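These numbers were taken from a predicted model, which means no experiment stands behind them. So that the names make sense, note that chain A is the first sequence line, chain B the second, and so on, each numbered from 1.
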Amino acid sequence: MNGNDTNQPPSSVGMGIAARAAAARAPAQSATPNYLEGLNPEQREAVLTTEGPLLVLAGAGTGKTRVLTTRITHILSEKLAWPSQILAVTFTNKAAREMKNRIALMVGETVEGMPWLGTFHSICVKILRRHAELVGLKSGFTILDTDDQVRLLKQLIQAEGVDDKRWPARQLANLIDGWKNKALGPNEIAEGEARAFANGKGRELYRQYQERLKVLNACDFGDLLVECIRLFRENPDVLADYHARFRYILVDEYQDTNVAQYLWLRLLSQPSEARAAAHGKPIGQQLRAEIAAGLHEEPKGNSQSGEPDSASAPPTNICCVGDDDQSIYGWRGAEVDNILRFDKDFKDATVIRLERNYRSTSHILSAASHLITHNEGRLGKTLFTDIDDPDEEKVRVAAGWDSEEEARAIGEEIEALQRKGHALNDIAILMRASFQMREFEDRFVTLGLNYRVVGGPRFYERMEIRDAMAYFRVVTQPADDLAFERIVNTPKRGLGDTTIKKIRDHARSRNIPMLAAVHEMVETEELGAKQRTTLKLLALNFARWADLIDNTSHTDLAEMILDESGYTEMWQNDRSAEAPGRLDNLKELIRSMEEFEGLRGFLEHVSLVMDTDNNPDLDAVNLMTLHSAKGLEFDTVFLPGWEEGLFPHQRSLDEGGRSGLEEERRLAYVGITRARKNCHIWFVSNRRIHGQWQASIPSRFIDELPHANVEVVEATGNYGGYGVGGVGGNPYGSSRFHTSDPFTRSGYSSPGWKRAQANATDETGSAWGNRSGHKTTYNGGPRTIEGELVAKSVIGAEESSFGMGERVFHMKFGYGAIIGIDGNKLTINFEKAGEKRVLDSFVERH
DNA sequence: CACACATATCTTTTT
DNA sequence: GATATGTGTG
């Protein structure tokens with residue numbers, strides 16, 4: 001980078017901090033710029049407080065993005081900085097794109113796109129490309145995705161003589177990912193953690209992995225951050241350059257940042273960090289020390305007060321926007337703590353709360369707010385709204401028999417809405433796990449209802465796309481062994497394991513890429529004659545394509561590669577049903593390359609921007625997971641699957657304990673707050689998991705909703721006529737929710753509801769409880785996490801009227817005998833389905 | 001070396 | 001139930 005050459009902000013040349021700050025305040029006093037119109041006082045303050053650290057706690061639907069974009073607009077139009085002097089980081093590409101668009105709209109087309117607005121990852125790549133050699137890479141390095149990562153690790157694990165069955169590469173990849181999220185190198189990971197894999201080989205494998213990456217001239221996702229941090233720490237001059245450049249830093253979704261991202265931000269935002277970096281402390285060590293010391297001020301002993309730059313250094317103009325209640329990526333290394341600690345990290349930080357919600361009805365807000373108060377350790381916000389619509393609907397909770405009914409009923413409701421003129425685009429079904437999606441897809445296909453899956457399987461993860469990309473990768477980066485191995489024998493060239501192993505060994509022993517090894521080996525007698533010829537041809541092809549890269553249009557070249565390699569032909573000859581689709585995808589791939597400058601630019605785009613926009617023009621119901629729904633909003637939201645074990649997910653409980661539960665609760669909060677007008681929560685009594693029916697009980701989160709804002713409704717009615725064995729009618733209707741005292745009257749007081757609640761307080765005992773070695777300790781009392789009492793809302797569980805040994809019939813499981821009774825929960829030995837625990841209201845005497 | 005079949009494993013969330 | 005492996009045969 002060229003320092004701050006042309007980057008002096010127009011009006012602040014020679015200005016001190018105070019003068020710039022004054023300039024920032026000025027517009028508020030004089031004529032109000034039109035971009036400030038319509039902002040509430042808190043939003044306005046968040047926009048105008050440009051100097052110094054600022055934390056904006058923005059609850060769901062409080063205009064967070066608007067504040068961010070207006071703030072940038074303000075900085076630009078007041079000429080506090082050039083676009084190139086603003087660093088704005090987001091978590092997702094979508095968020096970055098949206099911000100760009102909105103700024104462009106506000107500022108007008110005069111301002112060229114902001115070069116430093118992007119995701120953490122893409123900005124890190126941009127920085128790393130410029131200084132690659134300083135961290136031992138070449139500028140054309142490739143970015144490996146999880147798939148490549150796992151394949152590489154598998155090789156290493158096997159080479160170490162470790163049983164890759166017992167110690168799957170996938171698991172190690174997750175571990176390494178976790179370490180990198182914490183910015184820990186192989187030498188910095190805790191001894192205990194290092195032992196956690198393959199009897200202590202974890203650390204060594206991690207080390208080898210990093211070495212291999214360097215040889216391959218590659219980075220994985222975590223490396224982008226970690227290497228960037230290393231770059232800054234080891235090269236204070238480089239950091240100083242960026243430091244001078246970025247006058248304003250903005251961070252979106254701050255609650256989702258992990259330790260590495262946090263460190264990265266601190267390096268870029270705090271002048272003292274630059275000096276600390278000069279002392280070359282290992283990355284993780286310092287943080288740990290700081291956490292242990294409980295301080296996040298300037299590192300002691302490093303900053304000499306006499307240094308001149310402490311006076312002239314730019315202020316920490318960092319603005320982080322986030323919502324601790326929407327932190328749902330803890331499992332991926334996000335540290336809620338980052339946001340909880342902000343005012344300690346950044347001295348004299350201003351904290352602004354945005355609590356006025358512009359999105360949802362008061363019922364929805366109250367329901368969500370009440371639910372989230374069950375969490376501890378919040379910064380505390382209460383959403384409110386001025387909107388007071390007497391017609392607004394309460395949050396609806398509906399019960400269903402099984403997941404088929406759930407999908408059917410929701411489908412019918414959507415059709416009804418559609419008939420009333422409701423746009424499908426404004427409807428979303430948000431679920432906890434993606435396997436829930438299938439049932440809805442099936443249903444919608446038969447109904448002929450348009451739907452779109454948001455964030456589902458990605459275009460770039462399809463096999464044919466990855467194959468094609470592997471070809472392109474080898475052409476642009478001959479050292480990319482992973483890509484090479486992927487396609488040496490695709491299409492089939494008669495090169496089997498033995499040949500590939502020979503090549504790999506040769507390459508490894510000479511410490512050269514495999515493609516180079518091939519070049520050498522075709523001149524020797526090492527390989528069979530047939531293999532030698534094919535490889536010779538292949539190597540020649542790659543050399544030829546590589547030669548063309550600079551003077552052929554990249555789309556032509558890409559097509560040429562796929563044709564001449566025989567890859568296209570392979571699918572043309574394929575008679576399977578998917579083949580035509582795959583060929584289409586390949587065409588689409590080439591087509592999507594057009595907007596890029598060259599093959600290299602395209603490859604980078606693909607590795608970083610893995611999301612594909614499915615067309616928003618089509619009116620369709622949105623299906624997605626709760627995670628990918630964050631940041632979106634819809635008029636009507638369906639939240640199916642609120643059952644213990646699924647939501648909260650058993651695994652979150654097992655692995656995360658109380659904090660795991662709280663994260664699940666935040667997910668629920670995110671889900672509810674996506675809704676503008678209608679929010680429909682569902683739970684069912686039977687769900688199919690792994691093709692097996694499992695009994696389930698309502699989620700504790702349903703208990704945690706405030707009665708006043710919730711309406712409990714029947715399923716759409718037709719219980720009869722379906723189910724196992726085509727049982728006609730509904731033998732359970734009366735015992736379940738058709739009680740004499742329907743919930744609708746007095747809240748949650750019907751017998752069925754009470755039973756459901758009572759059940760919600762112990763293990764489901766079936767579906768998710770007892771798999772994969774973890775013990776489901778049923779103790780007859782409320783469900784606990786690590787000995788803590790979690791669910792307290794047991795409301796008068798009624799004793800079951802069934803007796804031991806009684807023969808009963810269950811709609812899904814058939815006939816069986818009662819072998820255990822616990823309140824209203826029965827353990828039944830079914831003749832066909834085996835032992836299950838079910839609610840008594842679902843069985844009939846026989 | 002390729003193909004077909006069998007087996008095992010697994011399913012939370014993803015930049 | 002589906003996919004990704006591994007095994008055995010041609």
- Task: Choose from dC3(B), dT11(B), dT14(B) the nucleotide whose nearest atom is closest to any side-chain atom of Arg651(A).
- Result: dT11(B)

- Query: For Ser652(A), which contact category applies under a 4.0 Å heavy-atom criterion: base, sugar-phosphate, or nothing?
  - Reply: base

- Message: For Ile500(A) and His627(A), find the nucleotide of DNA chain B closest to each by heavy atoms; which residue's nucleotide sits nearer the 5' end?
- Response: Ile500(A)

- Trp331(A) has a side chain; which of dT15(B), dT14(B), dC3(B) sits nearest to it? dT14(B)

Detail all sub-3.5 Å separations between protein N/O atoms and N/O atoms belonging to nucleotides 4-10 of chain C.
none

- Query: Are Phe221(A) and the base of dT15(B) stacked, counting only ring centres nearer than 5.5 Å and planes tilted under 30°?
  - Reply: yes

- Met463(A) has an atom CE; how far is it from atom C1' of dT3(C), in whole Å? 11 Å

- Query: Between Glu526(A) and Arg532(A), is there a side-chain N and carboxylate O pair less than 4.0 Å apart?
  - Reply: no

- Calculate the interatomic distance between Glu663(A) atom CD and dT14(B) atom C1'; express it in whole Å. 13 Å

- Query: What is the distance from CE of Met437(A) to C1' of dG1(C), rounded to the nearest Å?
  - Reply: 17 Å

- Check ion pair Glu485(A)-Arg151(A) (N to O, under 4.0 angstrom): no

- Nearest-angstrom distance from the residue atom CD1 of Ile176(A) to P of dT14(B): 22 Å

- With a non-hydrogen cut-off below 4.0 angstrom, is Leu495(A) in contact with a base, only sugar-phosphate, or nothing? sugar-phosphate

- Message: Once side-chain hydrogen bond (donor to acceptor under 3.5 Å, both in side chains) is applied, do any residues pair with Trp264(A), and if so which ones, sequence neighbours excluded?
- Response: none

- Task: Would you confirm whether the ring centroid of His627(A) sits within less than 6.0 angstrom of the ring centroid of Trp331(A)?
- Result: yes

- Base, sugar-phosphate, or nothing for Glu253(A), non-hydrogen atoms under 4.0 angstrom? nothing

- Item | For Asn489(A), all residues meeting side chain to side chain contact (heavy atoms under 4.5 Å, CB included), sequence neighbours excluded | Lys492(A), Arg493(A), Leu495(A)

- Item | Distance-minimising heavy-atom pair for Val454(A) and Asn622(A) | CG2-OD1, 4.1 Å

- Message: Can you measure Asp256(A) atom CG to dT15(B) atom P for me and round it to whole angstrom units?
- Response: 12 Å

- What integer distance in Å separates Arg493(A):CZ from dC3(B):C1'? 19 Å

- Between Asp323(A) and Lys64(A), is the closest basic N to carboxylate O distance under 4.0 Å? no

- Message: If I take atom CD in residue Gln261(A) and atom C1' in nucleotide dT15(B), what distance separates them, rounded to the nearest angstrom?
- Response: 8 Å

- Would you tell me if any nitrogen or oxygen in the side chain of Ser628(A) comes within less than 4.0 Å of OP1 or OP2 on dT14(B)? yes

- Note on the structure: In whole angstroms, the gap separating C1' of dT15(B) from CZ of Phe120(A) amounts to 11 Å

- From the candidates dC3(B), dT14(B), dT15(B), the one with an atom nearest any side-chain atom of Thr625(A) is dT14(B)

- Message: Students often get this wrong, so: under 4.0 angstrom with heavy atoms, is Arg438(A) touching a base, only sugar-phosphate, or nothing?
- Response: sugar-phosphate

- Message: For a quick test of reading the model: is some side-chain N or O of Thr92(A) closer than 4.0 Å to OP1 or OP2 of dT14(B)?
- Response: no

- Charged N to carboxylate O below 4.0 Å: is that the case for Arg700(A) and Glu704(A)? no

- Query: With sugar-phosphate meaning primed atoms plus P, OP1 and OP2, does Asn489(A) contact a base, only sugar-phosphate, or nothing at under 4.0 Å between heavy atoms?
  - Reply: sugar-phosphate

- Task: By nearest nucleotide on DNA chain B, pick out whichever of Leu667(A) and Pro168(A) is the more 5' one.
- Result: Pro168(A)

